[in-house]
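Read through the structure below, which is laid out as structure tokens, and then see the notes.
Remember, it's a predicted structure, so these values are computed and weren't measured experimentally. Counting starts at 1 for both ligands and their atoms, following the listed order. What you see below is based on every heavy atom in this structure, not just the backbone, and it leaves out hydrogens, waters and symmetry mates.
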Amino acid sequence: MARIDLDHIRHAYKANPVSDDDYALKEVHHSWRDGGAYALLGPSGCGKTTLLNLISGLLHPTKGRILFDGKDVTNLPTEARNIAQVFQFPVVYDTMSVRDNLAFPLRNRGMAEAEVQKRVNEVIELIDLGAVANRRAEGLTADLKQKVSLGRGLVRADVNAILFDEPLTVIDPHMKWQLRSQLKLLHKQFGHTMVYVTHDQTEALTFADTVVVMFEGEIVQIGTPEELFERPSHTFVGYFIGSPGMNVLPVERDGATLMLGHHAIALAGAPAGVKPGAKLELGVRPEYVRLDQSGMPVTINRIEDIGRQKVVRAELEGKPIAIVLSEDEEIPAEPRISFDPKGVNLYADSWRVGTEG
Ligand code: ADP
Ligand code: MG
């Protein structure tokens, strides 16, 4: 197991990159703590696979260095990095049995056969492959094959890190849940450094203690699920995490006051260091919008029932806004809203502005 440092990494697939747009991965400068369970979360195409492949050595960065426990591995090939990687689609040896597929990474490293069998049996048990252990991989369904791939990633105890690249894509929803819980348990038990890539926020938030959110080739926030919810660093995080996502509304500054249309908005503290001319937006999660008889008048377009809560889709000053209410909350005849100041975040050019003091 190791701590992994990405030291000012950039990656471009095209030759001679010049502008930021030429880079699939813009500046990434970040450490993965030894034994941490991370989720790497972001939409398709944001650079998640690129980042994993740089760590495992399948790709060589255009700029920057990669260090494992302080040792520069940037120029080491994949085999020398001692990383287990599980890909989105199964990679198995069709002609081998399930058992031999699992044993392969161990035999390859010269482990004694008795020890190999012991580890393989543990993994078979762990991910429930007992029924097919002696079958050839060839005839297995896609999700069983993926379980074998997953098993191969988990079989070695001595790896620096295990990287999972959307490993449950081909697995059916029920088994998905089970496998994710088992991975989490495994992390608790063995304490491997794990990076789990997904575009699904539920998957990310249930697997990891730290979530790394990527957007357009950049890491936009690293935090606990709670931090991502309460204090999104970037409007994208606010929008991507939460269901429905954060409301983002254009505001203007009038001296010390923020104006949303002709309504003044209270902030928990004075904003610090906003550049003149920056595009200002206010972010407020639907959970922090209060509906009552005073405040800013809204027009309600639709009410969606989501179990113990309801989502009210309304319009404020001509802009859509979502409000989350508990199922028994009444909707007034002349609805007005206000924001809980502790749930209000201010953004300048999409990045969150801190407050003074
Ligand atoms: P993700 O895994 O988050 O979906 P990727 O890392 O696969 O994203 O891709 C990031 C960006 O790099 C995308 O714009 C993608 O089109 C581009 N890209 C990925 N692989 C290659 C490649 N082999 N050659 C050229 N461009 C690529
Ligand atoms: Mg990918």
Self-check item: Pair Y347, K279: side-chain N/O donor-acceptor within cut-off below 3.5 Å
Solution: no
Quiz item: Does a donor on one side chain sit under 3.5 Å from an acceptor on the other, for Q178 and Q182?
Solution: no
Self-check item: Within 6.0 angstrom of E315 CD, more than 12 heavy atoms from elsewhere
Solution: yes
Quiz prompt | Heavy-atom neighbours of E330 CD exceed 12 at 6.0 Å | solution = no
Quiz item: Mind checking whether the Mg ion (ligand 2) has an N, O or S of T50 under 2.8 Å?
Solution: no
If you have a sec, work out which protein heavy atom is nearest [atom] and how many Å separate them, to one decimal?
| atom | answer |
| --- | --- |
| atom 4 (O) of ligand 1 | G45 N, 2.6 Å |
| atom 7 (O) of ligand 1 | T49 CB, 3.8 Å |
| atom 18 (N) of ligand 1 | Y13 CE1, 3.4 Å |
| atom 8 (O) of ligand 1 | G47 N, 3.2 Å |

Self-check item: Ion pair check, R285 and E287, cut-off under 4.0 Å
Solution: no
Quiz item: Can you tell which of L325, N301, I337, I321 makes a side-chain contact (heavy atoms from CB on, under 4.5 Å) with V312?
Solution: L325
Quiz item: Can an N or O of A24 be found at a distance shorter than 3.5 Å from an N or O of ligand 1?
Solution: no
Self-check item: Sub-4.0 Å atoms of ligand 1 with respect to non-hydrogen atoms of P43
Solution: 3 (O)
Practice problem: Could you tell me whether ligand 1 has any atom less than 4.0 Å away from a heavy atom of G42? | Solution: no
Quiz prompt | Test item: N101 side-chain N/O and Y93 main-chain N/O as donor-acceptor pair under 3.5 Å | solution = yes
Quiz item: Nearest protein heavy atom to atom 15 (C) of ligand 1: under 4.0 Å?
Solution: no
Quiz item: Heavy-atom distance to atom 5 (P) of ligand 1: which of T50, L25, L59 wins?
Solution: T50
